[in-house]
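Data block below; observations after.
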Amino acid sequence: MELVEKANHLAYCRADVQFYDHPPASRAGSPFPATGRPAPAGWRRVQAGNWVYLSPCDARLPEQGWKVHVSVTACDAAEVIDKVWDYCVSRSVTFKFLPDSRVHQSTNSKYAPRGGSGKLITVYPVDAAALRKVLDDLDAVLGTYRGPYILSDLRWRQGPLYVRYGGFARRECLSEAGERTPAVVRPDGVLVPDERTPAFRVPAWAPVPDFIAEQMNAGRGGEDEPVLPYSIEKALHYSNGGGIYLATDNATGRRVVLREARPMAGLDGAGDDAVVRLDREAATLRRLSHLDCVPALLNTFTAWEHHFLVQEYIEGRTLQQFVATANPLTVPGRDAKQRQEYADTVLDVLDQLEGILKAVHATGTVFGDLSPGNVMLRPDGRVALIDFEIAYRPGTQDPEPSIATPGFVAPHATGFDRDRYALDSLRLALLLPLTTMLDLDPARAGQLAEAAAGLFPLPAAWSERVRRSLTPPGVTAPSGRKEAALFAAAADDPASPPARELTQALAAAIEASATPERTDRLFPGEPTALYDGGYTLAHGASGILYALTAAGHRTDPEHHEWLWQATHRDVEHRPGLYDGLHGAAHTLSLLGRHDQAVDVLDRATALTTEATPSGLYEGLAGIGLNLRHLARALDMPGLQTRALETGERLAARLAGAGRVPAGRVGLMRGWSGPAVFFVGLYEDTKESRYLDLARQAVRLDLERFHDAVAAKDPAGPPPTLGSGSAGIAVALAGYLRHRPGDALTETLEALHTALDLDFTAYSGLVAGRSGLAATLAHNGVTERHPHLADALTGHVRDLAWHALPYAGGIATIGAQNMRLSMDLATGTAGVLHALHTVAGRLPVLPLIPRPCEREERL
């Protein structure tokens, strides 16, 4: 996937109002003429992902080398593609290009990946001589065109051509963080990461042709190179439009903020680039210079073709940082004094903001993007606005903003009402940060306001004001009542008729969302599933069909066949349990398709290499657990031998873990996943060394978890099942089942206590509230610590905040709370699974036995 970062969920909201889906460009854009052109005789044409590839049938490309990228503006893209097509076909040079105008614009949008921004065409010369000829020939043809600078590359002369050394063929290795990443091979044959950073770098061992070296030296400065009059201290924020930097004025020693804008990059919905918006921002700051709640404009200048605005540095923290570290809902315990103090601070901030907006509006200006990240709270408690990028004056030539922060803008609110709506969104978000829910269900404001009022001491009229302000005109009936009643009943009694009604409603919504006519996905979920074949356990059909079947719900045989066929489609398959073929093999076995499970398993085995990570999600721990299970489920003892071999590979890696960077932590990608697997091998063999390995692995994960907390955020990361303390607790509980007197028992109790929270941002199984509920139930915590029973009940009850009616059933919001999701990791299938875990019917995750059980059931 090369178009949009998978984490950029907003890009996947444009095509559908309920589910994440391909950006409109990928499904219904304006194709470039070349996209519909058939391949010339003797050429292969393949359209995969967001690229159209053309190559001579007899082409023999090297696996890596110097590639050429072409970057031009939208108005020239179709014409330039035609010219490069003609050139490459006439000279038998392999190339690829983006298929349509909206895909191209997306690569240059404000929140597109910076390293790949601007890349319209890639050309693959076979050697240095071919590279020089391609550069000279295309520069003669395209030299007058202009486009956004490709930050990962070296620009060739002054035109639209750029070069970078990297992989041609798809190869992978493990990064320093333990993640699978594109790779190139060193001269000694070792695979190393193919770094695609937003800065031009050449591997020290890579061959650099003389003409490339000359261009590199020419770009390193000289007498004409501008000298930046500021010393950069650190980057505060990056986007594809440019960076925001904390700096020092070399002349005065004053700390300032530099806002950078890249020409032709960082496009918004109106097609304006970052420079246009920066100029408007400078004009706005001049107009508001009499206000002390606005940073002073100090300077503007241009350097290295980039435009800069220099503004006053306002000390403090953003409201986003304030909520993340100070909101008492996100820490264990329910201190009434702490909640009163926090609520008082929030109410004071809101009163200040109301006055500030009145002063800004008095100048005829709409701030336009009032949100927690754009408000600064000074150390003395005073408030200031800090980002005027999309501020505008209604009734003038200023355009209506086409970008904004989700959850703080409503379609019905325009002009000054835009800011007033955002202020009332802040009233809710500073207490209960779930306002993105309102983009999906505006009638939910009343339910969320009531919930916030139940958690904080607030004025009597607060809830009604928020409900009235955030509910669109014409919407009278509040939503969420039925969902709240069913989740509350399930919390009180997981075996009650309302609880069964709830699980049936969740299953019904999942089934109703199926799209077997599509080949990219069967069920909607995370954007990741649009590119990985749609069949995985985490985000695709394997996980959803597993959850439905394991929970006792009937599934459609047509969907089983879809899953089987999806494992054969032309995608970049991976072997892992949650991201690849092992997950599909597990589900196919559960569905009774044993021969198909064996076939998929064989293909997964062929893909398992030294580059396969160690963790549960995509690595050896998940693969090993599945081999153990399938050895019994398929009556194939040889798989148990392979499971033991996998354990030895992990043991060798664990022995060297202290000599490599820490990487990720937690159950999914840290050492807690291997710890679970080692416990399973102990249960198979009764060899105590496996318990020793499990203890070593979970201790290493605990150390790295605490190091990560100390290094990144004193408040600590959320205690999630996938990458937080909940998952570590699952692994540790499995170990302590066999060594109950171990000193780590107290550590486990502390991990359990950390799960007693009133708020989590998401509902998902891997990174949200349902995972916390499932962990408490899986570990049997409430049986030993009745005070945590209220925490478990609260987690189940408050899942209703994330639940919406769908097709006669109930579905839940996925990651980032912007669209519904049906998948196991982030969506409705995960919530369904967690409810069955709470009822004692399922383990916390597939293949992980409950601590009170000796054998795996699923």
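Treat the numbers as computed from the prediction; the structure is a model and nothing was measured.
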I want to know whether [X] and [Y] have ring centres closer than 6.0 Å.
X: Tyr230; Y: Phe301; result: yes
X: Tyr421; Y: Phe416; result: no
X: Tyr762; Y: His802; result: no

Worksheet item: So, Arg287 versus Thr365: side-chain donor-acceptor pair below 3.5 Å or not?
Response: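 There is such a pair between these side chains.
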Worksheet item: Are side-chain N/O atoms of His412 and Asp417 paired as donor and acceptor at under 3.5 Å?
Response: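 Side chains of His412 and Asp417: no pair found under 3.5 Å.
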How many angstroms lie between [atom1] in [X] and [atom2] in [Y], if you round to the nearest 0.5 Å?
X: Asp76; Y: Thr73; atom1: CG; atom2: OG1; result: 4.0 Å
X: Asn50; Y: Lys119; atom1: CG; atom2: NZ; result: 13.5 Å
X: Thr812; Y: Leu804; atom1: OG1; atom2: CG; result: 8.5 Å
X: Ser289; Y: Leu291; atom1: OG; atom2: CG; result: 8.0 Å
X: Phe759; Y: Asp798; atom1: CZ; atom2: CG; result: 10.5 Å
X: Leu428; Y: Met437; atom1: CG; atom2: CE; result: 10.5 Å

Which heavy-atom pair separates [X] from [Y] by the least distance, and what is that distance?
X: Ser425; Y: Phe408; result: CB-CD2, 3.5 Å
X: Ala251; Y: Asp249; result: N-OD1, 2.9 Å
X: Thr760; Y: Gly768; result: OG1-C, 4.3 Å
X: Pro263; Y: His306; result: CD-CD2, 4.1 Å
X: Ala452; Y: Leu458; result: O-CD1, 4.0 Å
X: Tyr149; Y: Tyr162; result: CA-OH, 3.4 Å

Using side-chain heavy atoms (C-beta onward) and a distance below 4.5 Å, is [X] in contact with [Y]?
X: Tyr245; Y: Val257; answer: no
X: Pro328; Y: Phe456; answer: yes
X: Thr405; Y: Val409; answer: no
X: Met818; Y: Tyr20; answer: yes
X: Leu154; Y: Arg164; answer: no
X: Trp462; Y: Arg467; answer: no
X: Leu353; Y: Leu426; answer: yes
X: Asp520; Y: His22; answer: yes

Electrostatic pair [X]-[Y], nearest N-O below 4.0 angstrom:
X: Arg378; Y: Glu315; answer: no
X: Asp272; Y: Arg277; answer: no
X: Glu389; Y: Lys110; answer: yes
X: Glu464; Y: Arg427; answer: no

Discussion item. Does atom CD (Glu195) have a neighbourhood of more than 12 heavy atoms from anything else shown, all under 6.0 Å?
Written reply: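 For Glu195, atom CD is not crowded (no more than 12 foreign heavy atoms under 6.0 Å).
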Fill in: Working for salt bridge (Lys or Arg N to Asp or Glu O under 4.0 Å), residues Arg444 and Glu450
CA-CA 10 Å; Arg444 189 56 62 96; Glu450 289 176 11; over 6 Å; no
Looking at [X] and [Y], would you say the former's side chain and the latter's main chain have a donor-acceptor pair under 3.5 Å?
X: Thr436; Y: Asn817; value: yes
X: His69; Y: Gly118; value: no
X: Gln352; Y: Val383; value: yes
X: Thr107; Y: His104; value: yes
X: Glu260; Y: Leu309; value: no
X: Thr363; Y: Ala359; value: no
X: Thr318; Y: Gly373; value: no
X: Asp100; Y: Ser30; value: no
X: Asn240; Y: Ser109; value: yes
X: Thr330; Y: Asn327; value: yes

Worksheet item: Under the salt bridge (Lys or Arg N to Asp or Glu O under 4.0 Å) criterion, do Asp387 and Arg259 qualify, and how do the steps go?
Response: CA-CA 10 Å; Asp387 186 349; Arg259 301 181 68 89; 3.0 Å; yes
Discussion item. Between Thr826 and Asp823, is the side-chain hydrogen bond (donor to acceptor under 3.5 Å, both in side chains) condition met? List the steps.
Written reply: CA-CA 6 Å; Thr826 71; Asp823 69 37; 2.8 Å; yes
Discussion item. As a quick check of understanding, evaluate ring-ring contact (aromatic ring centres under 6.0 Å, His included) for Tyr392 and Phe367, giving each step before the final call.
Written reply: CA-CA 7 Å; Tyr392 73 109; Phe367 183 60; over 10 Å; no
Discussion item. Quick one, Arg254 with Leu298, criterion side-chain contact (heavy atoms from CB on, under 4.5 Å). Give me CA distance, side-chain angles, the key distance, then yes/no.
Written reply: CA-CA 11 Å; Arg254 179 180 184 179; Leu298 304 177; 3.6 Å; yes
Practice prompt. Let me know which of Thr284, Asn374, Asp398, Asp369 forms a side chain to side chain contact (heavy atoms under 4.5 Å, CB included) with Ile390.
Written response: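 Answer to the side chain to side chain contact (heavy atoms under 4.5 Å, CB included) test with Ile390 among Thr284, Asn374, Asp398, Asp369: Asp369.
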Practice prompt. Report the C-alpha separation of Ser71 and Arg155 in whole Å, then their side-chain angles, then the decisive distance to 0.1 Å, and conclude whether the side-chain hydrogen bond (donor to acceptor under 3.5 Å, both in side chains) test is met.
Written response: CA-CA 10 Å; Ser71 172; Arg155 183 158 70 179; over 6 Å; no
Item to complete: In sequence, state the C-alpha distance, the side-chain angles, and the governing distance for Met264 and Asn108, and then conclude on side-chain contact (heavy atoms from CB on, under 4.5 Å).
Response: CA-CA 8 Å; Met264 298 170 281; Asn108 296 323; over 6 Å; no
Item to complete: Carefully, step by step, assess Thr414 and Glu400 under the rule side-chain hydrogen bond (donor to acceptor under 3.5 Å, both in side chains).
Response: CA-CA 9 Å; Thr414 60; Glu400 187 83 15; 5.5 Å; no
Practice prompt. Would you please classify the geometry between the Tyr12 ring and the Tyr531 ring as parallel, tilted or perpendicular, with 30° and 60° separating the classes?
Written response: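 Plane angle over 60°, so perpendicular.
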Worksheet item: For Phe97 and Phe32, what are the C-alpha separation, side-chain angles and deciding distance, and is it a ring-ring contact (aromatic ring centres under 6.0 Å, His included)?
Response: CA-CA 10 Å; Phe97 61 90; Phe32 296 125; 7.5 Å; no
Worksheet item: Between Tyr313 and Arg255, is there a cation-pi geometry (under 6.0 Å to ring centre, at most 45° from the normal)?
Response: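 So Arg255 does make the cation-pi contact.
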